[in-house]
2 protein chains.
Amino acid sequence: MSDLAAALDILGARWALLVVDQLLDGPQRYGDLQRALGAPTNMLAIRLRELEAAGVLSRLPLKHNTRAYALTERGLALREPILALRRWGAEGAPP
Amino acid sequence: MSDLAAALDILGARWALLVVDQLLDGPQRYGDLQRALGAPTNMLAIRLRELEAAGVLSRLPLKHNTRAYALTERGLALREPILALRRWGAEGAPP
DNA sequence: ACGCCGCACTTCGTTTTTACAAGCATGTTC
DNA sequence: GAACATGCTTGTAAAAACGAAGTGCGGCGT
């Protein structure tokens, strides 16, 4: 399996890259992510579990039953790929 | 819709980025792409149509009933995002 | 102390996407 | 002119995503 395919295996699922992108703004809670992205709540829960398992993000326990999701070092390393993709997307829209 | 979401709208579908990656090696025919990627033939046909519609690639008629698929300028601009993603994927595998 | 609220998910039924297998049209080879 | 290669299309089943509703749990107000 190529390195690209390996990356897409983790990030190719729907919402995955958008979740990481959102977390580049800093740690956020479940509800915040949900509202910011507009993703179905069950999908978000699944993606967060997968991304945690892949070592891209981690859960930080806050008070009582709330936690924050934050990117790990490996997750933060996605800043460049994401920026490159965003630039590409921007070049197709301006008009 | 954010620029990132716009990019993923085109490239987020399964096989899409892998097709573009494969074409970074130069124009190729349908069968070559199919064998190189191992993608289901109906999916490949659909993605190629979508990517052409999005201006990422174009069909070059060759002899008789064969044609080659080649990246447009917009498609070639995906080299950097793809390389960045590949690098990220490689950083997670080495061991 | 009891009910109510917000948060973080689950569960369920439906729709959309993907996969696998087979078939078809056109042109080329022998 | 029969067999074969190329580039798809069609049909059906499995998997993934969606949308709405429900669950568990701790805090808060009264």
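Here is the naming used below: chain letters follow the sequence lines, and residue numbers restart at 1 for every chain. None of the values given here were measured: they were computed from a predicted structure.
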Report the distance from atom [atom1] of [X] to atom [atom2] of [N], rounded to the nearest whole Å.
X       : N      : atom1 : atom2 : value
A/Leu44 : D/dA16 : CG    : C1'   : 16 Å
A/Arg49 : C/dT11 : CZ    : P     : 9 Å
A/Leu62 : C/dA8  : CG    : C1'   : 12 Å
A/Leu37 : D/dC18 : CG    : P     : 12 Å
A/Gln34 : D/dA21 : CD    : P     : 15 Å
B/Trp15 : C/dC20 : CH2   : C1'   : 13 Å
A/Asp9  : C/dT18 : CG    : C1'   : 15 Å
A/Arg59 : C/dC7  : CZ    : C1'   : 14 Å

- prompt: Less than 3.5 Å between a donor and an acceptor, one on the side chain of A/Asn42 and one on the base of D/dG19, is that the case here?
  reply: yes
Heavy-atom closest pair (B/Glu91 atom, A/Ala77 atom, distance to 0.1 Å) is OE1-CB, 4.3 Å
Requested in this report: Using a cut-off of strictly less than 4.0 Å, decide whether A/Arg47 has a side-chain nitrogen or oxygen near OP1 or OP2 of D/dA16.
Outcome: no
Counting only side-chain N and O atoms of B/Tyr69, is one of them less than 4.0 Å from OP1 or OP2 of D/dT6?
->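 Answer is no, no contact under 4.0 Å.
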Subject >> Any donor-acceptor N/O pair, B/Trp88 side chain to A/Gly75 backbone, under 3.5 Å >> reply: no
Inset, instruction - Could you check whether A/Arg35 gets within reach of a base, just the sugar-phosphate, or nothing at all, counting any heavy atom under 4.0 Å? - result: nothing
Review point. Hey, does B/Thr66 reach any base, or is it just sugar-phosphate, or nothing, if we go heavy atoms under 4.0 Å?
Key: sugar-phosphate
Where the side chain of [X] is concerned, which of [options] is the nearest nucleotide?
X       : options               : result
A/Pro40 : D/dC8, D/dC18, C/dC9  : D/dC18
A/His64 : C/dA19, D/dG26, C/dA8 : D/dG26
A/Ala13 : C/dT10, D/dA17, D/dT9 : D/dA17
A/Met43 : C/dG6, D/dC18, C/dC9  : D/dC18
B/Tyr30 : D/dA17, D/dC8, C/dC7  : D/dC8

Along DNA chain C (nearest heavy atom to each residue), the more 5'-positioned of B/Gly38 and A/Leu48: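 Nearer the 5' end of the strand: A/Leu48.
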Per nearest nucleotide of DNA chain C, the residue lying toward the 5' end, A/Arg14 or A/Arg67, is A/Arg67
- [ ] Run the numbers on A/Thr66 and A/Tyr30 for side-chain hydrogen bond (donor to acceptor under 3.5 Å, both in side chains), then give the verdict.
- [x] CA-CA 8 Å; A/Thr66 71; A/Tyr30 187 94; over 6 Å; no
Exercise. Salt-bridge test for A/Arg47 and A/Glu50: reply yes if a basic N is under 4.0 Å from a carboxylate O, no otherwise.
Key: yes
- Message: Can you confirm whether the side chains of B/Arg29 and B/Tyr69 place a donor and an acceptor under 3.5 Å from each other?
- Response: no
